[in-house]
Amino acid sequence: MDIDVPCGRQKEVIVSLRQSASSGVKWSFVSNIGKQFLHFASVVILARLLTPTDFGLVGMATIAVGFLGLIRDLGTSAAIIQARDLPEEIASSVFWTNVAIGFAATGGLVVLSPVFGILFHDTRIVLMLKVLAFTFLISSFSTVQQALMQRQLAFHTIAKTEMAAVAVGAPVGIGLAYWGAGSWSLIFQTLTIVLVTSVLQWILSPWAPRFVFKASAVKTIGWYSLNLTGFNIFNYLARNADNFLIGRYLGPGNLGFYALAYRIMYYPIQVMSDVVGRVMFPVYSQLQDTESRFRRAYLNVSSAIAFLSFPMAFGLLVTRDLFVFTVFGPQWAPVPKLLLILVPVGMIQSIGTTVGAIYQAKGRTDLMLRWGVVAGVLTIISFLVGLRWGIYGVATCYAVMSFILAGPSFVISFRLIDLPVADLAVTLWRPFASSLVMYVVLSFLKARFVFRIPSFAALTLMVAVGGIVYLVSSWFINRQQSVRLLDMLREQI
């Protein structure tokens, strides 16, 4: 990542920070690509071994687990990363606080699991929730360790733990599905991944908690953490209200279709935005008092995300039906139409998800919370409006509202670093234009030639041609960004 370089001692600090950020992006990217490849491969296999209803049941259970997961650390992890100074008493006090929260969340979900069964009109999820509840307790013992690794930009260690966890969890899920475990194969796959991740992070972390707890130490990060937790709650409700409404009123089968389409749409975001965002938050935190470098770093990050996520989104748009039927099978027939609606949302969100790091790095989680409440309420309303037209209506209303909210989301967060939205538009138009050229070429290829050959060969051909066309068009339209990324790759190889 390019960061403005001052003179003297600060120059060495910034150069070191830039090198650490580049290394962090590389390791995070390797980790996420590895995780997503293994996860995607397991989903492909599981989609053929399980039914949409199996996925829908786990999707309903995941809503409850995910909601309680928001209060797992009450935002203390982000506070640890953002803090300028971190005395040992704060780290240890936060650790024991998280363990207490883990016990409470586990017990709470076990007790409340019958309530969620009533809400979803399906008691099959009650036992699933009781088992998944233990993920809170397990992960609470490694939350601070992971936050400290991120603060120190030790993403090589995080990458190893995450890839190892998925590598162990995927065979567990596939094996259980093969032997007829149904939806429980997904449950135990999740439990395995959480357990392996926590154990490895505890083993590999150089930090260990002391038997120290001071309430005053936790209070020093209280407002920051609570505001962030409040935002995460409203954001989660907004992002999962569609799953709740579809599961409750349209059934687990429809939720299975919708959940798979959403998961496919979200892959470009996970591959780049989550990777870069996780790395750049601690970097932004170190640049929080130098806004010119902050702005430049942010625009370079957004450009890099767009360079990779935009062609993935356009490629998925043009190959959506071929991709779904070839990879997942004909039983998932409604998914391509859902992708047509949701993929543009994923494209805008691949950039939109980056603004959260601005709020957090600048210590303005209070503003983040206020905007999150407004955006969350409007998003939930859009789901309620679309529900009468089924899963396609929910997806369409969600897409419309996402594009309406995108503008204010950028404007409000950019004011914290005095960044005009027009500067972002200038940064993004070149990767967008290059991706559009690829889309046009692939659309022509699909209409004229693709359906004359076997589906797998057709999909392989589309991917290969799309990659070549995008790289060539980028060289002519977006050469500066292409050269920058190539230079970055050379530095890391």
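- Between the side chain of Arg320 and the main chain of Val335, no donor-acceptor pair closer than 3.5 Å is present.
- Taken from NZ in Lys337 to CG in Leu339, the straight-line distance is 12.5 Å, to the nearest 0.5 Å.
- Under the rule for a ring pair (Phe, Tyr, Trp, His ring centres under 6.0 Å), Tyr178 has no partner lying at least two apart in sequence or in another chain.
- From Leu317, atom CG reaches atom CE of Met347 across 6.0 Å, with rounding to the nearest 0.5 Å.
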Stepwise side chain to side chain contact (heavy atoms under 4.5 Å, CB included) test for Leu148 and Ser205:
CA-CA 9 Å; Leu148 290 172; Ser205 174; 5.5 Å; no
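- By the side chain to side chain donor-acceptor pair (under 3.5 Å) test, Thr192 is found to be paired with no residue, residues two or more places apart in sequence or in another chain being considered.
- Annotation: side chain to side chain contact (heavy atoms under 4.5 Å, CB included) contacts of Thr326 (sequence neighbours excluded): Leu322, Ser455, Phe456, Leu459.
- Using a 4.5 Å cut-off on side-chain heavy atoms (C-beta onward), Phe328 and Phe323 make contact.
- Taking the side chain to side chain contact (heavy atoms under 4.5 Å, CB included) definition, one finds that Ser409 meets it with Val355, Trp371, sequence neighbours left out.
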Assess the residue pair Leu46 and Leu186 against the criterion (side chain to side chain contact (heavy atoms under 4.5 Å, CB included)); give the C-alpha distance rounded to whole Å, side-chain angles, the decisive distance to 0.1 Å, and a yes or no.
CA-CA 9 Å; Leu46 290 168; Leu186 299 172; 3.5 Å; yes
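- Between the side chain of Arg448 and the main chain of Leu445, no donor-acceptor pair closer than 3.5 Å is present.
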Would you list the atom pairs, donor with acceptor, under 3.5 Å between side chains in residues 395-408 and any protein atom, with sequence neighbours excluded?
unit_1 : atom_1 : unit_2 : atom_2 : d
Thr396 : OG1    : Tyr392 : O      : 2.8
Tyr398 : OH     : Tyr262 : OH     : 3.4
Tyr398 : OH     : Gln349 : NE2    : 2.8
Ser402 : OG     : Tyr398 : O      : 2.8

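- Considering OG of Ser303 and OH of Tyr298, their distance stands at 11.5 Å, rounded to 0.5 Å.
- Residues satisfying the side chain to side chain contact (heavy atoms under 4.5 Å, CB included) test with Ile381, not counting sequence neighbours, are Val377, Val385.
- Put simply, the side chain of Thr161 gets close to the backbone of Ile158: a donor and an acceptor are under 3.5 Å apart.
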Can you check side chain to side chain contact (heavy atoms under 4.5 Å, CB included) on Leu191 and Ile187, steps first, answer last?
CA-CA 6 Å; Leu191 196 65; Ile187 299 295; 5.7 Å; no
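- The minimum heavy-atom distance between Gln145 and Pro209, with the atom names listed, is NE2-CD, 4.2 Å.
- Looking at heavy atoms from C-beta onward, Ile193 lies out of side-chain contact with Val168 at the 4.5 angstrom threshold.
- Contact between Ser309 and Ser350 at its shortest, heavy atoms only, is OG-OG, 3.2 Å.
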Any chance you could lay out the ring-ring contact (aromatic ring centres under 6.0 Å, His included) test for Tyr470 and Phe310, step after step, and finish with the verdict?
CA-CA 10 Å; Tyr470 178 69; Phe310 282 10; 9.4 Å; no
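- In this view, Asp242 and Tyr258 satisfy the side chain to side chain donor-acceptor pair (under 3.5 Å) rule, not counting sequence neighbours.
- By the 4.5 Å heavy-atom criterion applied to side chains, Met149 and Trp207 are not counted as neighbours.
- Residues forming a ring pair (Phe, Tyr, Trp, His ring centres under 6.0 Å) with Phe188 (at least two apart in sequence, or on another chain): Trp184.
- Between the side chain of Thr106 and the main chain of Ala133, a donor-acceptor pair closer than 3.5 Å is present.
- Checking side-chain atoms of Ser434 against main-chain N and O of Pro431 turns up no donor-acceptor pair under 3.5 Å.
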Please test Phe141 against Asn98 for side chain to side chain contact (heavy atoms under 4.5 Å, CB included), starting from the C-alpha separation and ending with a verdict.
CA-CA 7 Å; Phe141 283 91; Asn98 287 338; over 6 Å; no
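- Side-chain atoms of Ile391 and Ile246, non-hydrogen and from C-beta on, do get closer than 4.5 Å to each other.
- To the nearest 0.5 Å, the span separating CZ on Phe410 from CD1 on Ile358 amounts to 9.0 Å.
- Across all their heavy atoms, Ala177 and Leu50 have their closest contact at CB-CD2, 4.0 Å.
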Show the atom names and distances, to 0.1 Å, of all donor-acceptor pairs under 3.5 Å that link a side chain in residues 111-122 to residues at least two apart or in another chain.
unit_1 : atom_1 : unit_2 : atom_2 : d
Ser113 : OG     : Val110 : O      : 2.9
His121 : NE2    : Arg248 : NH2    : 3.2
Asp122 : OD1    : Arg124 : N      : 3.1
Asp122 : OD1    : Arg124 : NE     : 2.9
Asp122 : OD2    : Arg124 : NE     : 3.4
Asp122 : OD2    : Arg124 : NH2    : 2.8

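- Annotation: side chain of Leu387 is in contact with side chain of Leu250 (closest heavy-atom distance under 4.5 Å).
- Contact between Met60 and Pro252 at its shortest, heavy atoms only, is CE-CB, 4.1 Å.
- Partners of Phe55 by ring pair (Phe, Tyr, Trp, His ring centres under 6.0 Å), not counting sequence neighbours, listed by chain and number: Trp332.
- Smallest separation of non-hydrogen atoms from Val318 and Lys446: O-NZ, 2.9 Å.
- Atom-to-atom distance recorded for Asp321:CG and Leu340:CG is 10.0 Å, nearest 0.5 angstrom.
- For the side chain to side chain contact (heavy atoms under 4.5 Å, CB included) test, residues two or more places apart in sequence or in another chain that qualify with Ser183 are Asp54, Leu57, Val58, Met128.
- For Trp202, there are no side chain to side chain donor-acceptor pair (under 3.5 Å) partners two or more places apart in sequence or in a different chain.
- To the nearest 0.5 Å, atoms CD1 (Ile174) and OG (Ser185) are separated by 9.5 Å.
- Considering every non-hydrogen atom in both Phe383 and Leu245, the closest pair reads CB-CD1, 3.8 Å.
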